[in-house]
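Encoded as structure tokens, the structure appears first; notes follow it.
Every chain is numbered from 1 and lettered A, B, ... according to where its sequence line falls, protein lines coming before strand lines.
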Amino acid sequence: MSAPVQVPGSFRTDGPDDWHRVHPVSPLVRGWVAVAAIIVVFGRTSLENGASYRSGSLEFNGAPVGVVAAVVSAAVVVFGVVFFLSWRFTRYQVTDDHVHVNSGVIFRQQRRARIDRVQAIDVVQPLVARAFGLAELRFDVADSGKSAMKLSFLKLDEAKRLRAAILARAAGVAADPAAPGVVAEAPERQVLALAPARILGATLLGPTTVVAVIVLAFCLALVAVTGEPATLVTLVPAIIGVGAGYWRSFTNDFNFRVALSADGVRLHYGMLETRAQTIPPGRVQAVGISQGLLWRACGWYRVHLNVAGLGDDRRDHESRTVLLPAGTLPEVMTVLALVFPDPGVANPLDVLAAGIRGKGGAQGFVHSPRRAFWLDPLAWRRNAYRATGTALLCRRGVLTRRLEVVPHERTQSLSLEQGPLMRALGLVDFALHSTRGPVTPVVRHMALPAGRALFDEQAARAATARRIHRPERWMTGAPGNGPAGNGPTGSGPTGSGPSKYLEEEHGR
Amino acid sequence: MPDTPARNTYPSPLNPEGVTFLPVSPRLVTARFIERGGWGLLFLLVTSVPLVLRATGVWPGYPAVLAWVLPAAVLLIVLWVLALVRRQVRAIGYAERDDDLLIRHGILFQRVLVVPYGRMQFVDVTVGPLERALGLSSLKLHTAAPGTEAMIHGLTTAEAARLRERLPALGEAKLAGL
């Protein structure tokens, strides 16, 4: 509102008294479902009963027109007042260090987030908001409690400018002395895009299909035994549910693109509701690569992330922690190079490939001893770990293959666990605790000496890595970096990292 | 440290080399006896209601086997749980190292946990009524990871206060963000 925004694509951070409001249409975009529901319910009963003349006057639904008109206008006024108040009382401010969002009419809420703790930032456009050219800005802060902070809705350009400003402040970019607080949005470079056919195939071959086939087979067997085909009718809700699951999964991952900018990795996805998610460098706590049973034939893998704050919101944590919904091995390596630029080994492609689909002791993986067969007859050769110079790779699973990568400096805590059977066999489970999210790194059923050695060494490695770890503000670490971030520290996504993968690829 | 009572002597193959675990207060045995014994007594009373009803002739149709076996099984389990308490408490130990805190517990299902000081977000000290009567406190360390579950029961109040002051100070010195 009061922001003196003159240069397109630039943004000025606010002083303590500059407050902005969200777009006036926002409450309608948020509340349109309620409005639509009331119109539908009211309209349907009116239409069903129909208009009729009775005793000389026009009546709807048995009530005089005047009453109906009064009810409708009352509803309009009530909605209008509620929407106006909700808009009027929502204010935000982006200062150099904090984002403030005040909202609520009766129960006021004032939220303040430290910008240097921003973990991820999204520009979300639900379908209705897209029609108005609006977008929601939401960001996860490591110390802000359960839910993400939201600004809904802003004009798309304004949302992008805010995103750029917040990210620049989070990066610790020194303001241009000539124009303090003015930052330009970092350009992005597309790294890879997934074709709709890939998303469709991945959805159809996903875990939903496995479950659906099993349930269907069970029901058919039941019908064959009981001889009552009527039981199949009970399947109808399940079929609708499965269809809805497919639809959600397909539309959510549709048009998935991975891009790289100086602000971090940027993910674009969604068909009806589109989302642009930015994960600044150094925010990734753990990476998990998994492959379900049916994907093996296609050679696809899914890549998940743990980012602090992202896993807290139950409703969207499933989709928002996906770095790559379905990618081939080279694509997996490409995105890994973005979030995990320094693999810490000379031949990362071989090591990661061995971790993703290998078994046994190839490429320096230490796996469970033969006696673990009694607990894990199929997977004992898959259960393994490998420590590189920068991260621990944990491998497990036979039907669903998993590889979990945790940078040493991201280790939160470690534990060794042993039950009675494992003690009898001289085995131990090693668990590495990462922030809340889909990646839970464990190394199952290690030989006792190997597990103890891993425990001690990993604690030492984590301590060393923390001491030399880069700062939270990823552009303040190395001198000589411009504000646009044409090359942050070597550990940033645009640093020397990706080339470590690429050089080897060319060398092969 | 010499072989004094102030040393946790619980031998375990999981214990790291060269680490001396400190034990928690033996008064935790008393606390757990009272707590678990109380629950056990409650369960025993509830499960012996049919037996009483049958003996007094209110419910003569109730099968005798069930009337006896159920409370007997509960009694056995309660006695077993109580018999384990002393060893379980002895198996709890913690050790402060240069960079991290080690916590171990469990006999049948053992767990050794290491929490780096720099990873601690905050420290909770809680005292229940029974614990207060016995001069005990429980300490919980929170990291950014939900899987950490670092809890030490049965610290003396003084020791809990010492750790509560010391651990955040160490964490501050070794702070590493997330």
Note to self: For the interface with chain B, which of A/Pro449, A/Ala463, A/Ser434 has the highest count of heavy-atom pairs at distances below 4.5 Å?
What the structure shows: A/Ser434

Notebook entry, point to check: Which one of A/Asn306, A/Leu416, A/Val428 has the most heavy-atom pairs closer than 4.5 Å to chain B?
Noted result: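 Of A/Asn306, A/Leu416, A/Val428, A/Leu416 has the most heavy-atom pairs under 4.5 Å with chain B.
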
Next item on the list: Please state whether the side chain, the backbone, both or neither of B/Glu149 comes within less than 4.5 Å of a heavy atom of chain A.
Entry: neither

Notebook entry, point to check: Where on B/Ile107 is there a heavy atom nearer than 4.5 Å to chain A: the side chain, the backbone, both, or neither?
Noted result: backbone

Next item on the list: Measure distances from A/Leu448 to the heavy atoms of chain B and classify the residue's part below 4.5 Å as side chain, backbone, both or neither.
Entry: side chain

Note to self: Using heavy-atom distances under 4.5 Å, tell me whether A/Thr411 contacts chain B through its side chain, its backbone, both, or neither.
What the structure shows: backbone

Next item on the list: Please determine if A/Asp97 and A/Arg114 form a salt bridge, counting it only when a charged side-chain N lies under 4.0 Å from a carboxylate O.
Entry: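 A/Arg114 and A/Asp97: not salt-bridged.
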
Next item on the list: Quick one: sort the A/Trp380 and A/His367 rings into parallel, tilted or perpendicular, breaks at 30° and 60°.
Entry: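 The rings of A/Trp380 and A/His367 sit tilted, inter-plane angle from 30° to 60°.
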
Item checked: Atom of B/Leu139, atom of B/Leu167 and distance for their closest heavy-atom approach -> CD2-CD1, 4.1 Å

Next item on the list: Check B/Arg104 against B/Ala91 and note the closest heavy-atom contact, atom names and distance.
Entry: NE-O, 2.8 Å

Next item on the list: Answer yes if the side chains of B/Thr143 and A/Ser413 hold a donor-acceptor pair under 3.5 Å, and no otherwise.
Entry: no

Check: Just checking, is any N or O donor in the side chain of A/Arg395 or A/Asn383 under 3.5 Å from an acceptor N or O on the other one?
Finding: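 The criterion, which ignores hydrogens and geometry beyond distance, is not satisfied for A/Asn383 and A/Arg395.
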
Note to self: As an exercise: rank B/Val114, B/Leu14, B/Leu113, B/Asp100 by heavy-atom pairs under 4.5 Å with chain A and give me the winner.
What the structure shows: B/Val114

